[in-house]
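Keep in mind that the numbers below use all heavy atoms, side chains included, and drop hydrogens, waters and symmetry copies.
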Amino acid sequence: MALQPSLQRALVIAGTYEAPHTLDIFLDYVCPFSAKLALAIDGVLRPLFAPGGKYAGKVKVIFRNQVQPWHGSSTFVHEAGLAVARVAPEEFWKFSLALFAAQRDYYDIPVSTLTPTQIREKLAGLVAETLGDDKAAPFKDLVTLKSTPNGGVDVTDDLKYTIKFSRQNGIHVSPTVLWDGLIANEISSSWGEREWTEFLEKKVTA
């Protein structure tokens with residue numbers, strides 16, 4: 001499915017944007033099932049779709065930010081991902097994996113006594129730890145409130161784009177996976193190499 005140009009370098013996390021088949025994978029950084037699926041993307045799908053892989057040039061994976069507002073920190077962690085997509089698009093997936101690995105720090109109870117500013121500061125620390133201090137400074141700038149009293153941060157428009165995209169396509173929970181634009185309900189976060197291999201053997205026709 002379509003992806004606005006400013007996000008293509010970051011959110012196409014496997015394969016190339018020109019690949020004819022598309023897996024749109026809607027993930028929430030504070031969802032344990034999303035974290036499980038992220039490991040399968042990294043260990044199974046990325047090698048298959050990379051240069052030299054069985055499906056190189058045939059399939060791409062687009063990371064779709066799925067904000068789940070019943071988790072109080074979900075907005076902030078997705079802001080962080082989108083800010084990294086601007087600051088270091090080539091390292092978006094590296095940061096995403098680090099955030100999934102640290103997701104328990106952003107669960108409901110651990111952040112229940114933190115202010116939004118403190119949560120963003122905590123995320124900036126993860127950026128520094130994962131990508132380096134040189135990325136943390138511009139990251140902080142992007143997630144700092146500095147316009148009108150209700151104007152959001154510099155990645156609010158990107159966040160709105162991702163939320164509107166999910167809503168118009170009827171995506172309610174994470175993880176949800178679309179194959180060539182249609183929801184593939186059979187795909188599970190518990191899938192490993194065997195299940196993904198069987199699925200792709202049936203689906204890839206290009």
Open item on the list: Side chains of Ile25 and Phe63, heavy atoms from C-beta outward: is any pair under 4.5 Å?
Closed with: no
TODO: Over all heavy atoms of both residues, which pair between Gln103 and Pro32 is shortest? Give the atoms and the distance, please.
DONE: OE1-CA, 3.2 Å
TODO: Could you pull out the closest heavy-atom pair between Gly81 and Tyr29, with the gap in Å?
DONE: CA-OH, 3.8 Å
TODO: Would you kindly confirm whether Tyr17 and Leu48 end up in one hydrophobic cluster when ILVMFWY residues are joined by side chain heavy atoms under 4.5 Å apart?
DONE: yes
Task: Ser174: which of Gln66, Gln68, Arg64 passes side-chain hydrogen bond (donor to acceptor under 3.5 Å, both in side chains) - done: Gln68
TODO: Please examine the side chains of Phe92 and Leu7, heavy atoms only from C-beta on, and report whether any two atoms are closer than 4.5 Å.
DONE: no
Task: Least distance between heavy atoms, Tyr161 atom then Ala2 atom - done: OH-O, 3.8 Å
Open item on the list: I need the minimum non-hydrogen distance between Asp133 and Ala128, along with the two atoms involved.
Closed with: OD1-CB, 3.4 Å
Open item on the list: I want to check something: taking the side chain as every heavy atom from C-beta on, are Leu37 and Val177 in contact at a cut-off of under 4.5 Å?
Closed with: yes
Task: For Lys164, salt bridge (charged side-chain N to carboxylate O under 4.0 Å, His left out) partners two or more places apart - done: none
Open item on the list: Just so I know, are the side chains of Ile171 and Asp24 near enough to count as touching, which here means a heavy-atom distance under 4.5 Å?
Closed with: no
Task: Backbone of Asp141 reached by a side-chain donor or acceptor of Lys146 within 3.5 Å - done: yes
Open item on the list: With a 3.5 Å distance limit and no angle check, can you tell me whether Ser73 reaches the backbone of Phe76 through a side-chain donor-acceptor pair?
Closed with: no
Open item on the list: Hydrophobic cluster membership, with links at side-chain heavy-atom distances under 4.5 Å among I/L/V/M/F/W/Y: are Phe33 and Tyr106 in one?
Closed with: no
Task: Presence of salt bridge, Arg86 and Asp158, under 4.0 angstrom - done: yes
Open item on the list: Within a 6.0 Å radius of atom CD on Gln4, are there more than 12 heavy atoms belonging to other residues, nucleotides or ligands?
Closed with: yes
Open item on the list: Suppose we screen for salt bridge (charged side-chain N to carboxylate O under 4.0 Å, His left out). Which residues come up paired with Glu198, at least two apart in sequence or across chains?
Closed with: Arg194
Open item on the list: Given 3.5 Å as the limit, does a donor-acceptor pair link the side chain of Lys36 with the main chain of Ser189, or not?
Closed with: no
Open item on the list: Can a side-chain donor-acceptor contact be found between Ser34 and Asp28 if the only test is distance below 3.5 angstrom?
Closed with: no
TODO: Answer yes or no: is there a side-chain heavy-atom contact under 4.5 Å between Leu142 and Glu79?
DONE: no
TODO: Return the orientation label for the Phe95 and Phe139 ring planes: parallel under 30°, perpendicular over 60°, tilted otherwise.
DONE: tilted
Task: pair Ile163-Lys160: side-chain heavy atoms closer than 4.5 Å - done: no
Task: Glu186 vs Trp191 side-chain heavy atoms within contact, under 4.5 Å - done: yes
Open item on the list: Measuring only between side-chain heavy atoms, which start at C-beta, is Trp70 closer than 4.5 Å to Asp108?
Closed with: no
